[in-house]
Every structure is written in C-alpha cells, then in structure tokens.
Amino acid sequence: MIGQPLPLPLRDGFGRPLRNLRVSVTDRCNLRCQYCMPEEDYVWLPRSSILTFEEIDRLAGIFGALGVHRIRLTGGEPLLRQNLPTLVSLLSRHKTLRDLSLTTNGTLLARSALTLRKAGLRRVTLSFDTLRPQRMRQFARSAKHGDVLEGIDAARSSGFDEVKLNAVVVRGFNDDEVGELFEFARLKGLEIRFIEYMDVGGATHWSIDRVVSRQEILDTLTRRYGPIESLRRPGDAAPAERFALRDGTQFGVVASTTAPFCRTCDRSRLTADGSWLLCLYGEAGLDLRELLRNGADDAHIAARIAETWAARTDRGAEERADAPHRGALYQIDSLRADPRREMHTRGG
Ligand code: SAM
C-alpha cells in the first residue's frame with residue numbers, strides 16, 4: 001500500500017514509536033462529569049463531519065501498515081454511536097491489529113457487551129468513580145449508577161481478555177472512596193486504575209488543590225493494606241504505573257498531573273471528525289478527514305502521517321507541569337470557539 005516500505009516503528013522527534021491510536025467515535029456523552037464535561041450544553045461537531053465507519057476502517061488499515069497495532073475506541077461516550085459492533089467487526093479483521101479495546105462509562109454496556117465481544121472487541125475499561133448513586137447524580141448529573149453496575153457485570157461475564165475500572169480521584173468528590181473503590185474492584189476480580197485529575201480541555205473547574213496525587217493515593221492504600229510494591233519495569237510505555245499489594249492484588253495509578261510520562265508516550269488520537277492529534281494537550285491536528293474526502297490515496301495519507309509523526313516533539317503534560325500559576329487550561333468561551341479542544345471530542 002505504501003510505496004517505499006518505511007522502517008517500523010516510526011519514531012518521533014524524541015524517538016517515541018507510533019504504536020497506539022485512540023479513536024473517538026462521537027463527541028456526544030450522556031454524562032456530565034465535572035472533570036470532563038461540566039456544562040449542560042456544548043457546541044457539537046456537525047454530523048456530516050463525523051467520520052463514517054468506512055473512513056475509520058480505512059484509516060485503521062493505513063495506521064496499521066505504519067505500525068499501529070493497538071486501537072482503543074473512545075469518545076464522548078462510544079456506546080452512543082449507533083451500531084458500534086459493526087465498526088468493531090470491521091476493525092478486528094485487520095491482521096495488523098493486535099489489540100482492540102473500548103473505554104466506556106458503562107451506562108449502556110449491559111445490552112451490548114456480548115455483541116461487542118463476539119464482534120472482536122478484546123478489552124474493556126469502564127469509568128467508575130463512585131460507589132454512591134447520589135454522588136453520581138450530583139457529580140455526573142446521572143441517575144444511571146445501577147446501569148453502570150450492570151454494565152460491569154455484563155463485561156465480566158462476556159469473555160473479554162481484560163476488564164478494568166478507571167477512577168478519576170477528585171478532592172472533595174470521591175477522595176474518601178479510594179479504599180472502597182479498590183475493595184469493590186478486588187471483590188469483582190478487576191484491576192482498578194486511579195487517575196489524577198488532569199487540566200485537560202473540558203476541565204474548566206480544574207485547580208491544583210482538587211488534584212489527589214499519586215503519592216496520596218498510595219499513602220491511603222498503604223495505611224489500609226500495608227506495603228505496596230511498584231511493578232514498573234524499565235521501558236514501560238503504559239500510562240499507568242502498576243503496583244501490587246503483599247497479597248498480589250494489582251492496581252494502577254495514572255499520574256499525568258504530578259508525574260507526567262511524556263517521554264514514553266506513544267499515543268495519538270483521532271477526533272470523531274478526523275483530526276489526528278499527537279498529544280492530549282495538542283493545539284491542532286492533521287486533518288485526515290479532508291485528505292480522505294478529497295480523494296487522497298492510501299500512500300499519500302500514509303506519507304502525511306509518517307512525516308507528521310517524525311516531526312512530533314509534543315510533551316504537553318510535562319509543559320503543563322512546568323507552567324507557573326497553573327489553572328484550568330481553557331475557559332468555556334475558548335472551548336465553545338473550538339470544540340476540538342474538548343476532552344470528549346479528542347477522546348480521553
Ligand atoms: N465516555 C467514556 C468514559 O467515560 O470512559 C470515554 C471517554 S472519557 C473522556 C475517557 C476517560 O477520560 C475516562 O476514564 C475519564 O475518566 C477520563 N477523563 C476525562 N476527563 C478527565 C480529567 N479531567 N482528568 C483525568 N481523566 C479524565
């Protein structure tokens with residue numbers, strides 16, 4: 001497909017390989033989590049601009065030939081996209097793809113978990129921030145806590161290679177639940193990852209004092225369970241640093257705010273409308289939709305992707321960590337002017 005075979009993996013300006021792609025399939029979400037989409041209403045991407053399944057599938061083939069062998073479907077809430085299993089089955093046919101996963105809030109998972117598994121989805125991560133329905137009602141403006149619990153159980157019984165839970169820890173919201181969430185995951189036989197609150201696009205209420213650091217999370221769990229061992233291995237590229245309790249129970253912490261991992265970040269993101277972003281904090285992306293819809297052939301698109309990756313020097317989280325007087329990255333007006341800056345548009 002690509003004229004001259006390129007040496008793989010493609011490496012960026014800091015030697016980071018192009019391997020992982022997160023694909024946002026919709027910018028819409030049925031929750032209003034305070035750390036992500038705190039407003040009632042948003043400027044949505046025009047429907048005609050959203051990539052079709054065929055367009056996503058074609059890009060997956062091009063990225064696959066360039067060494068991307070892991071794809072995660074995300075959003076917005078990916079299960080709001082009609083017929084998602086059809087996309088999963090298209091993508092799972094790519095021989096280059098070794099891992100196909102989904103990040104979801106779980107509210108709609110119970111009814112589609114098995115279909116997604118049968119279509120070829122390998123792994124599922126559910127966002128699960130609180131055990132208390134009333135808190136979810138306040139924090140995410142949703143009464144669907146019971147549906148999420150059903151989604152978790154449906155995922156567990158559908159035969160996925162892996163089911164994980166993600167909990168963003170926000171001071172004053174759920175920082176008193178770290179131990180309970182851990183215990184819940186353990187009882188369900190699932191690995192949980194605690195995520196530091198990040199000052200990404202939609203997090204307009206972000207402030208450093210609401211961030212519960214990796215160290216605080218570890219201290220809380222150490223007080224409850226005793227010594228914790230880091231499972232970090234040299235060269236690990238995963239965003240989560242993994243740990244184990246003495247009894248072997250494993251969990252992760254994603255410390256993007258206090259200990260950014262830009263130097264090993266091999267992730268890029270495709271927005272629902274086909275903009276390819278090289279960093280969660282990146283300002284602008286390569287417009288792949290325009291290339292697709294203007295008749296560019298695969299070799300041309302691949303060449304543009306390869307040259308864009310080679311020029312990548314982004315290290316957004318590290319730059320944010322160095323910023324003096326750090327506050328929310330954007331205010332709501334600038335997000336309304338450019339919805340591609342939103343976390344839910346670019347795919348968290
Ligand atoms: N709707 C899906 C979900 O809830 O998992 C997928 C999209 S969501 C944007 C993906 C992930 O981003 C979730 O795990 C969410 O908790 C995380 N996220 C969103 N805003 C965040 C923030 N400000 N800081 C840290 N994580 C955030």
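Quick caveat, the model's predicted, so the values are computed rather than measured. Just so you know, ligand 1 is whichever comes first in the structure, and atom 1 is the first atom listed for that ligand.
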Intermediate values then yes/no, side-chain contact (heavy atoms from CB on, under 4.5 Å), R70 and L97: CA-CA 6 Å; R70 295 163 79 104; L97 200 61; 5.7 Å; no
T74 N/O under 3.5 Å from ligand 1 N/O: no
Atoms of ligand 1 close to N166 [distance to a heavy atom under 4.0 angstrom, numbered from 1]: 14 (O)
Geometric class of the Y225/F182 ring pair [parallel <30°, tilted 30-60°, perpendicular >60°]: tilted
Ligand 1 atoms in contact with A203 (distance to a heavy atom under 4.0 Å): 23 (N)
Any G76 heavy atom less than 4.0 Å from ligand 1: yes
Under 4.0 Å to a heavy atom of V200 - the qualifying atoms of ligand 1, by number: 22 (C), 23 (N)
Residue selection (non-hydrogen contact nearest atom 8 (S) of ligand 1) among P38, S24, G75: G75
Closest candidate by heavy atom, reference atom 3 (C) of ligand 1, pool S127, A140, S256, C29: S127
Output field: ring centroids H205/Y197 closer than 6.0 Å: no
Ligand 1 to M198 polar contact by distance, N or O atoms, under 3.5 Å: yes
Residue part near ligand 1, for V168, under 4.0 Å between non-hydrogen atoms: side chain
Minimum heavy-atom distance E177-T130, with the two atoms named: OE2-OG1, 2.6 Å
Which atom of W309 lies closest to which atom of D12, heavy atoms considered: O-CB, 3.1 Å
Side chain, backbone, both or neither: the part of T104 lying under 4.0 Å from ligand 1 by heavy atom: backbone
Check: E77 N/O within less than 3.5 Å of ligand 1 N/O: yes
Side-chain H-bond candidate by donor/acceptor type, N174 with D129, under 3.5 Å: no
Distance-only N or O hit between ligand 1 and Y35, under 3.5 Å: yes
Over all atoms of both residues, closest heavy-atom pair of L73 and V25: CD2-CG1, 4.2 Å
Sole residue of T107, T104, T26, N30 in side-chain hydrogen bond (donor to acceptor under 3.5 Å, both in side chains) with E77: T104
Ligand-residue contact atoms, ligand 1 with Y197, heavy atoms, under 4.0 Å: 23 (N), 24 (N)
Side-chain H-bond candidate by donor/acceptor type, R135 with Q138, under 3.5 Å: no
